[in-house]
> 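Below is one structure. I have some questions about it.
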Amino acid sequence: MLLVRGRDGGVRAFLNVCRHRGAQLCVEPEGSLRNKIQCPYHAWTYGLDGALIAAPNLNSMADVNRDEYGLHTVHLREWLGTIWICLAEQPPSFADTVEAAVTARLGDPGAIDKWAIDTLAVGRRITYDVKANWKLIVENFMECYHCATIHPELTEVLPEFADGYAAQYYVGHGAAFGEDVSGFTVDGSAGFETIPGVDADHDRRYYAITVNPQVFINLVPDHVIFHRMYPVAADRTIVECDWLYPQEVLDSGRDLDRSVELFHRVNQQDFDACERCQPAMSSRAYANGGVLVPSEHHIGEFRDWVAAAIAG
């Protein structure tokens, strides 16, 4: 896909395919354009609104209607300071899917606004190349039955995770920091100042949110951790993870390492576990999908969601 921001400030998304012969219009991951998008193959040229505006000898080709050969648009929404896109010709309701997933976790449609995510800045980005199917990664994220086994640092900060239950005992529940824990850091030491909008009911707590099919949002008092998953093969997923902080924290030059390291280790531990599972996905021993214990009911719901989505 090709995302552009026009002179009006609006963001638009298009399939990165020239309507003439299908050449990729842009091959670099990012860059700047003036006021047009030109195919490097035959110089078909499009405006930042996707309309076909020029092509060699176009005026002499009466059978080519400019209005019919603009770029294919992709549905787009901006929310939480991020761009959400949907490839479906008729996208589902954003409110009933993405926003509803957040509400179902936090209980209050406006609760996530307390973190003012659209004002936060990327303090660190780490990209992981995981040799596992994306669904294994989602299933791992949705349960904590494995936490005591593979997440020693995390369970020191969030002791209730050591009990093996999911992060949500009830709607709106956030896992509490341990009594001797000062911040969401790799050693439990103090992090940064609480984001101004986060109130006492949400302070010193961790909230994990899954937005199907590919986004994880992790909320802690002083920062937000935002995962995006990009399946590239049946057994490989690129996971891009951002650590988001108030701009004043980044401007201060303070060290982010202890803050970032906690969830970086969690990511590594989780992805190693997923890679351990991947080879068995084609085994007859796993043909029926294994066993789900009661605390993994979220996984059952996710599998039902996948089946329904595939069935259309």
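Just so we're clear, the structure is a prediction, and the values are computed from it rather than from any experiment. Positions are given from 1 along the sequence. Keep in mind that the numbers below use all heavy atoms, side chains included, and drop hydrogens, waters and symmetry copies.
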> Please examine the side chains of Leu48 and Ile37, heavy atoms only from C-beta on, and report whether any two atoms are closer than 4.5 Å.
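Sidechains of Leu48 and Ile37: in contact.
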> Once you find the SG atom in Cys144 and the one in Cys147, is the distance between them below 2.5 Å?
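Cystine link detected, SG atoms below the 2.5 Å cut.
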> So which of Leu87, Thr73, Leu71, Leu25 actually passes side chain to side chain contact (heavy atoms under 4.5 Å, CB included) with Leu15?
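Among the candidates, only Leu87 passes.
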> Report yes or no: is the cationic atom of Arg204 (NZ for Lys, CZ for Arg) under 6.0 Å from the centre of the six-membered ring of Phe177, at an angle within 45° of the ring normal?
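No, a cation-pi geometry is absent between Arg204 and Phe177.
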> Could you go step by step and tell me if Glu193 and Arg254 meet the salt bridge (charged side-chain N to carboxylate O under 4.0 Å, His left out) rule?
CA-CA 12 Å; Glu193 294 78 16; Arg254 296 160 72 181; 3.0 Å; yes
> For a quick check under 3.5 Å, do Arg258 and Ser189 share a side-chain donor-acceptor pair by atom type?
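Note: Arg258 and Ser189 side chains meet the donor-acceptor criterion.
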> For residues Asn218 and His227, is any side-chain donor paired with an opposing acceptor at under 3.5 Å?
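Yes, His227 and Asn218 have a side-chain donor paired with an acceptor closer than 3.5 Å.
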> Taking the six-membered ring where the residue is Trp, are the ring centres of His173 and Tyr207 under 6.0 Å apart?
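For His173 and Tyr207, the ring centres are not under 6.0 Å apart.
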> Check whether Asp235 reaches the backbone of Ala132 with its side chain - one donor and one acceptor, N or O, closer than 3.5 Å.
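No, the answer is negative, given that no donor and acceptor are paired below the 3.5 Å cut-off.
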> Is it true that Glu261 and Arg265 have a side-chain N and a carboxylate O under 4.0 angstrom from each other?
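Counted as a salt bridge, because a side-chain N and a carboxylate O are separated by less than 4.0 Å.
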> To the nearest 0.5 Å, what is the distance between OG1 on Thr185 and CG on Leu262?
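Between Thr185 OG1 and Leu262 CG, I get 7.0 Å after rounding to 0.5 Å.
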> Is the shortest side-chain N to carboxylate O distance from Arg124 to Asp242 below 4.0 Å?
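Judged by the 4.0 Å cut-off on N to carboxylate O distance, Arg124 and Asp242 do not form a salt bridge.
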> Looking at every non-hydrogen atom in both residues, tell me the closest pair between Arg12 and Asp49 and how far apart they are.
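Reported closest heavy-atom pair: CD-CA, 4.0 Å.
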> Do the side chains of Phe271 and Val239 get nearer than 4.5 Å, heavy atoms only?
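Val239 vs Phe271: side chains touch.
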> Taking only residues two or more places apart in sequence, or in another chain, which ones meet Arg19 in a salt bridge (charged side-chain N to carboxylate O under 4.0 Å, His left out)?
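Counting only residues at least two positions away or on another chain, Arg19 forms no salt bridge (charged side-chain N to carboxylate O under 4.0 Å, His left out).
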> Could you see if Ile126 belongs to whatever hydrophobic cluster contains Phe141? Use Ile, Leu, Val, Met, Phe, Trp, Tyr and a side-chain cutoff under 4.5 Å.
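Yes, because Ile126 and Phe141 connect within a single hydrophobic cluster, where side-chain heavy atoms sit under 4.5 Å apart.
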> Classify the ring geometry of His20 against Trp44: parallel below 30°, tilted from 30° to 60°, perpendicular beyond 60°.
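Ring orientation, 0 to 90° scale: parallel.
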> For this output row, return yes or no: ring centroids of Tyr245 and Phe192 closer than 6.0 angstrom.
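Yes: the rings meet the under 6.0 Å criterion.
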> For the side chain of Glu28 and the backbone of Glu30, is there at least one donor-acceptor N/O pair under 3.5 Å apart?
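Between the backbone of Glu30 and the side chain of Glu28 there is no qualifying donor-acceptor contact (under 3.5 Å).
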> Applying the side chain to side chain contact (heavy atoms under 4.5 Å, CB included) test to Leu244, which of Leu120, Leu80, Thr119, Asp118 qualifies?
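With Leu244 as partner, side chain to side chain contact (heavy atoms under 4.5 Å, CB included) holds for just one option, Leu120.
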> Would you mind listing every side chain to side chain donor-acceptor pair (under 3.5 Å) that reaches into residues 107-116, with sequence neighbours excluded?
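Output for this query lists Lys114-Asp199.
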> Does one hydrophobic cluster hold both Trp134 and Tyr128, with members joined at side-chain heavy-atom distances below 4.5 Å?
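Cluster IDs for Trp134 and Tyr128 match.
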> How about Thr82 and Phe226: do any of their side-chain heavy atoms sit closer than 4.5 Å?
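Side chain of Thr82 against side chain of Phe226, heavy atoms only: contact under 4.5 Å found.
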> Quick check: do Ile117 and Val224 have side-chain heavy atoms less than 4.5 Å from each other?
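Counting from C-beta outward, Ile117 and Val224 do come under 4.5 Å.
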> Do the ring planes of Phe263 and Tyr206 sit parallel (below 30°), tilted (30 to 60°) or perpendicular (above 60°)?
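Geometry flag for Tyr206 against Phe263: tilted rings.
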> Please report the interatomic distance NE2(His297) to CD(Glu301), rounded to the nearest 0.5 Å.
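Going from the NE2 atom of His297 to the CD atom of Glu301 covers 6.0 Å.
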